[in-house]
Amino acid sequence: HGAPFAPLLRPASAMHPRAAAARLGLCLLAVFCTAGGQLDPPSFQPGVLHNYHYTLDFQIGHISQPSMRRSNLKAEASVQVHLLWRNSSHPSEQLVRVEIHDFKVHQTPEHGNSPNGSTSPSPEDQKGKESIEHLTLPVLIHWNSGKVEGFYGTLEGSSQTPDLKRGLVSLLQLQMQSGTQVDVSGNCQVTYDASGDFITKTKDLSSCTGAAQGYTSVKKVFGVQWQPTSKSHYFLKGSLIQSVVAEESHVISLNLDSTIGTRITSRQKLDLASTLPGPAELSGQNVQDVLAMLPEKYQALDIIGQPLKSTCQHCPSLINYLKKSGKRPDRKS
């Protein structure tokens, strides 16, 4: 291409044959390096409604007695994704709408009472009607070459945005370059490895900051050990995400006895099921312009997972409980 390669393309008769061959080899290498090995950044096309099938498999088991029945939670849903806006001068910068439909959850309790495994397919029985309504409210993501730079929800849904929705959006966090990444786990170190249309993302969960931490103790001997792993596998055709499989594992054990503990595993999967004609893209100078013209009132949300808050309504203090039970606390207890 013009001047940069001009010295390499000097006629062979004007130089030594070995020098000509060497320069020709450098020229071919330069062309190969600039033309190959580069993946297109993920993006969505305008006027297309992408229907994905989402599944979640979550399990909790015992370390010391793996033969004991595990607590197993499975969920599935349809996820519709379409492009609202893209930067005319940089098409990989996009505002994307994500909406969950037909959410269903099945739970197998740790001690099943029914002979067939005791499943509960009704989502209202598990999450409550109000939680399901918040889960199905749409969210928007500001997506820039695969990096989630903004996360937006409606006013009525922002205060109770489930972490499941944050986890789903985090599957679209595909910034293509190793370094730090912000998602539902916090600000974490990630490593990318690409091979053809397949990309593997490894997240170092022990490096994550910003998210609420688990149990801690002043005395280390009373603390716990935490061994986490996280790996996601992406398959793209061109710039379109075809599938995502994200697997995460947490092994938590006591420092006093490492055989006493819990293993928590989760597997999320997102598969492109179909594409249909969708809404036309909106015009605007930037993301804020588009947000202002939408009939729903969206506001910025934190993509980092939030601690689950619950208030005990009828929880007596330890002293009152011991008094009521007739037990007298001594210094040793």
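Residue numbers run from 1 in the order of the sequence given.
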Report task. Kindly indicate whether the side chain of Leu137, heavy atoms from C-beta on, has any atom under 4.5 Å from the side chain of Lys165. Result -> yes

**Report entry** Audit row: Asn72, Phe58, side chain to side chain contact (heavy atoms under 4.5 Å, CB included) steps and yes/no
**Finding:** CA-CA 6 Å; Asn72 187 13; Phe58 180 85; 5.7 Å; no

Query raised in the report: Under a 4.5 Å side-chain heavy-atom rule over Ile, Leu, Val, Met, Phe, Trp and Tyr, are Val148 and Val184 clustered together?
Result: no

Report task. Give, for atom NZ of Lys231 and atom OG of Ser249, the distance between the pair rounded to the nearest 0.5 Å. Result -> 12.5 Å

Report task. Let me know which of Glu93, His90, Gln94, Gln175 forms a side-chain hydrogen bond (donor to acceptor under 3.5 Å, both in side chains) with Asn144. Result -> His90

Query raised in the report: Shortest non-hydrogen contact from Gly146 to Pro42?
Result: CA-CG, 3.5 Å

Query raised in the report: Side-chain heavy atoms under 4.5 angstrom apart, residues restricted to Ile, Leu, Val, Met, Phe, Trp, Tyr: same cluster for Val169 and Leu49?
Result: no

Query raised in the report: Looking at side-chain heavy atoms only, is the closest gap between Asn87 and Asn286 below 4.5 Å?
Result: no

Report task. Assess whether side chain to side chain contact (heavy atoms under 4.5 Å, CB included) is satisfied between Ile63 and Ser253, documenting all intermediate values. Result -> CA-CA 8 Å; Ile63 295 177; Ser253 59; 4.2 Å; yes

Query raised in the report: Can you tell me how far CD1 of Ile260 sits from CD1 of Ile252, rounded to the nearest 0.5 angstrom?
Result: 14.5 Å

Query - Side chains of Arg263 and Gln59 in contact at under 4.5 Å (non-hydrogen atoms) - result: no

Requested in this report: Could you check if a side-chain atom of Leu73 sits within less than 4.5 angstrom of a side-chain atom of Asp57, using non-hydrogen atoms only?
Outcome: no

Report task. Hey, could you give me the OG/NE2 distance between Ser78 and His53, rounded to the nearest 0.5 Å? Result -> 6.0 Å

**Report entry** Closest contact, heavy atoms only, Ser258 versus Gln225
**Finding:** CB-NE2, 4.3 Å

Query raised in the report: Taking a hydrophobic cluster as the set of Ile, Leu, Val, Met, Phe, Trp and Tyr residues connected by side-chain heavy atoms closer than 4.5 Å, whether directly or through intermediates, do Ile264 and Val245 fall within one such cluster?
Result: no

Report summary line: dist Ile303:CD1 -> Ile141:CD1 (nearest 0.5 Å) comes out at 8.0 Å

Requested in this report: Please lay out, stage by stage, how Gln288 and Val290 fare under the test side chain to side chain contact (heavy atoms under 4.5 Å, CB included).
Outcome: CA-CA 5 Å; Gln288 297 304 320; Val290 179; over 6 Å; no

Query raised in the report: Asp40 and Gly238: which non-hydrogen atoms are nearest, and at how many Å?
Result: CB-O, 4.2 Å

Query raised in the report: What are the two closest non-hydrogen atoms of Ser170 and Lys201, and how far apart are they?
Result: O-NZ, 3.9 Å

Side chains of residues 265-279: which donor-acceptor pairs under 3.5 Å do they make with residues two or more places apart or in other chains?
from, atom 1, to, atom 2, distance (Å)
Arg267, NE, Glu247, OE2, 3.1
Gln268, OE1, Tyr54, OH, 2.7
Ser274, OG, Asn51, ND2, 3.2

Report task. Please confirm whether the backbone N or O of Gln189 pairs with a side-chain atom of Ser207, one donor and one acceptor, at under 3.5 Å? Result -> yes

Query raised in the report: Are Leu240 and Leu236 close enough that some pair of their side-chain heavy atoms sits under 4.5 Å apart?
Result: no

Query raised in the report: Going by the ring-ring contact (aromatic ring centres under 6.0 Å, His included) test, which pairs reach into residues 173-208, not counting sequence neighbours?
Result: Phe198-Phe235

Report task. Just do the side-chain hydrogen bond (donor to acceptor under 3.5 Å, both in side chains) check on His250 and Glu248 with the steps written out, would you? Result -> CA-CA 7 Å; His250 302 263; Glu248 198 166 294; 2.8 Å; yes

Query raised in the report: Linking I/L/V/M/F/W/Y whenever any side-chain heavy atoms sit under 4.5 Å apart, do Leu174 and Leu140 land together?
Result: no

**Report entry** Note, Asn187 side chain near Cys208 side chain (heavy atom, < 4.5 Å)
**Finding:** no

Query - Minimum heavy-atom distance Asp302-Ile304, with the two atoms named - result: OD1-N, 3.0 Å

Requested in this report: Check the hydrophobic clustering (I, L, V, M, F, W, Y; side-chain heavy atoms under 4.5 Å; chains of links allowed) and say if Leu254 and Trp226 are grouped together.
Outcome: yes

Query raised in the report: Considering only heavy atoms from C-beta outward, does the side chain of Leu172 approach that of Trp143 to under 4.5 Å?
Result: yes

Query raised in the report: So which pairs with a foot in residues 279-291 pass salt bridge (Lys or Arg N to Asp or Glu O under 4.0 Å), sequence neighbours left out?
Result: Arg86-Glu281

Report task. Assess whether side chain to side chain contact (heavy atoms under 4.5 Å, CB included) is satisfied between Val96 and Leu84, documenting all intermediate values. Result -> CA-CA 6 Å; Val96 178; Leu84 282 180; over 6 Å; no

Query - Salt-bridge present (Glu99, Arg97; N to O < 4.0 Å) - result: yes

Report task. Please step through side-chain hydrogen bond (donor to acceptor under 3.5 Å, both in side chains) for the pair Ser178 and Thr191, ending with a clear verdict. Result -> CA-CA 4 Å; Ser178 300; Thr191 304; 4.6 Å; no

Query raised in the report: Without hydrogens or angle criteria, can the side chains of Ser239 and Ser43 be said to hold a donor-acceptor pair below 3.5 Å?
Result: yes

Query - Any side-chain heavy-atom pair of Lys203 and Asp183 under 4.5 Å - result: yes

Query raised in the report: Say you draw a straight line from CH2 of Trp85 to CG of Leu282; how long is it, rounded to the nearest 0.5 Å?
Result: 11.0 Å

Query raised in the report: Which pair of heavy atoms, one from Ile100 and one from Ala77, lies closest together, and at what distance?
Result: CG2-CB, 3.7 Å

Query raised in the report: Do Tyr234 side-chain atoms and Leu171 backbone N/O form a donor-acceptor pair below 3.5 Å?
Result: yes

Query raised in the report: To the nearest 0.5 Å, how far apart are CD1 in Ile241 and CG in Asp197?
Result: 12.5 Å

